[in-house]
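Since the structure comes first, as structure tokens, the remarks are kept for the end.
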Amino acid sequence: MSGLVTGDAVVLGLQPARLPSRALAVLIDLVVVWAAYLLITLGLAVATASLDEAAVTAVSIASFLLVLVGAPIAVETLSHGRSLGKLACGLRVVRDDGGPVRFRHALVRGAMGVVEILMTFGVVACVSSLVSERGRRLGDVFAGTLVVRERIPAARALAVPPPPPWLVGRFTGVDLSAVPEALWLEIRQYLTRSRELDPVVGRRLAERLADELVARTGTPPPAGVPADAYLAGVVAERQARDARRAFAPGAGSGVGPTGFVAPAGAGGVPPVGPFPVAALPVLAPPVVAPPTVAPPAVAPAVADPVVADPVVADPVVESGARPTGFAPPA
């Protein structure tokens, strides 16, 4: 895999195409291009039979440049780096940063291809591809391009074999925080391919990995436990911890599925529901004003030489309390 860095500082893992696949793709392209060139040459020979020798030479040179040089450049530009041979072999031309090629890249590759492939019968291109670390020919070096494999067969996922039943749960107290990911990857690769290894080589590799794991965890394997069984038991324990952490994110922390930490209610028990009690508005009972009661109508006093007694105000009515329906006498 080749680590290409894009303009956004993203590392792309691409697999460069090697010489056999590139040679097959170039061979297919050359067969197609030369077949088209011969057909066009025969047609032009018939069409230019009445012309002089200079005109025939000019037409021949133009057809050579347009078919053998211009056509591959146009196809590579329009298809973004996939000619007919590359499409059949699952290859593609990309820039050094992983982006699609443009006309200037295809032009440099096509111009250098005339010298590397057509004039030297591919000898220079083969030598430069063998010398280059990523299999690039001179045209790729000058154009800043790279031929990569576009169709990569998917790797078959191999499951880690389970530990013996009598080892399940024996490593629950082991501290696995100091074990690096590189060591976990080595152990997984060994466990998935242990049956394909030679027994002696596999036992030595298991003992070495077990020693490194003991040095990281500080917990030696139980007495009488083989190294491969010890590795399988520890890997199973890590997978169990990862599964518990993934499927129970709020266990023991008071965090619900929504990520909200509920405050403690009465007696320290968190209230039911995803919302805190303090967030709910406290509704006070509405204040109802007492009805205003008008004083009872009093008949106008009749002029009398005798002075009437003064009207005494009812304290009940003045205080605003509920009226009893009793009208005091004048």
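On a predicted model such as this, the values are computed, not experimentally measured, just so you know.
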Decide, yes or no, whether a salt bridge links [X] with [Y] under the criterion of side-chain N to carboxylate O below 4.0 Å.
X: Asp242; Y: Arg245; value: yes
X: Glu212; Y: Arg216; value: no
X: Arg82; Y: Glu76; value: no
X: Glu196; Y: Arg193; value: yes
X: Arg18; Y: Glu133; value: no

For residues [X] and [Y], report the shortest heavy-atom separation together with the two atoms involved.
X: Ala106; Y: Thr77; answer: CB-OG1, 3.3 Å
X: Leu209; Y: Tyr190; answer: CD1-CB, 3.8 Å
X: Ala143; Y: His105; answer: O-CD2, 3.2 Å
X: Thr145; Y: Gly139; answer: OG1-O, 4.4 Å
X: Pro72; Y: Val33; answer: CG-CG2, 4.4 Å
X: Val67; Y: Ile40; answer: CG2-CD1, 3.6 Å

Transitive ILVMFWY side-chain link [X] to [Y], under 4.5 Å:
X: Met119; Y: Val26; value: yes
X: Val75; Y: Val147; value: no
X: Leu197; Y: Ile187; value: yes
X: Val94; Y: Leu19; value: no
X: Phe64; Y: Leu44; value: yes

With a 4.5 Å cut-off on side-chain heavy atoms, are [Y] and [X] touching?
X: Arg92; Y: His80; value: yes
X: Val115; Y: Val124; value: no
X: Tyr230; Y: Leu167; value: no
X: Ile73; Y: Val69; value: yes
X: Leu91; Y: Ser21; value: yes
X: Leu176; Y: Phe171; value: no
X: Leu30; Y: Ile117; value: yes
X: Val46; Y: Leu42; value: no

### Message
Determine whether Asp96 and Arg136 satisfy the following criterion, salt bridge (Lys or Arg N to Asp or Glu O under 4.0 Å), listing intermediate values before the conclusion.
### Response
CA-CA 11 Å; Asp96 282 339; Arg136 302 200 300 176; 3.1 Å; yes
### Message
Evaluate Glu116 against Arg22 for salt bridge (Lys or Arg N to Asp or Glu O under 4.0 Å), listing each step before the verdict.
### Response
CA-CA 14 Å; Glu116 289 184 275; Arg22 294 192 62 176; over 6 Å; no
What is the distance from atom [atom1] of [X] to atom [atom2] of [Y], rounded to the nearest 0.5 Å?
X: Ile28; Y: Cys89; atom1: CD1; atom2: SG; result: 4.5 Å
X: Ser83; Y: Leu78; atom1: OG; atom2: CG; result: 12.5 Å
X: Leu213; Y: Glu186; atom1: CG; atom2: CD; result: 11.5 Å
X: Cys126; Y: Phe121; atom1: SG; atom2: CZ; result: 13.0 Å
X: Gln15; Y: Glu150; atom1: CD; atom2: CD; result: 12.5 Å
X: Ser129; Y: Asp140; atom1: OG; atom2: CG; result: 7.5 Å

Would a distance-only check, ignoring hydrogens and angles, find a side-chain to backbone donor-acceptor pair under 3.5 Å from [X] to [Y]?
X: Arg95; Y: Pro100; answer: yes
X: Ser132; Y: Ser128; answer: no
X: Asp29; Y: Gly85; answer: yes

### Task
Begin with the C-alpha distance, continue with both residues' side-chain angles, and end with the deciding distance and a verdict on side chain to side chain contact (heavy atoms under 4.5 Å, CB included) for Arg104 and Arg109.
CA-CA 9 Å; Arg104 59 185 180 89; Arg109 282 175 49 82; over 6 Å; no
#### Entry: Steps toward side chain to side chain contact (heavy atoms under 4.5 Å, CB included) verdict (Arg134, Leu146)
CA-CA 8 Å; Arg134 296 188 290 181; Leu146 175 68; 3.8 Å; yes
### Task
Taking atom CZ of Arg208 as the centre, report whether more than 12 heavy atoms of other residues, nucleotides or ligands fall under 6.0 Å from it.
yes
### Task
Would you check, one step at a time, whether the test side chain to side chain donor-acceptor pair (under 3.5 Å) holds for Asp175 with Thr217?
CA-CA 6 Å; Asp175 183 13; Thr217 59; over 6 Å; no
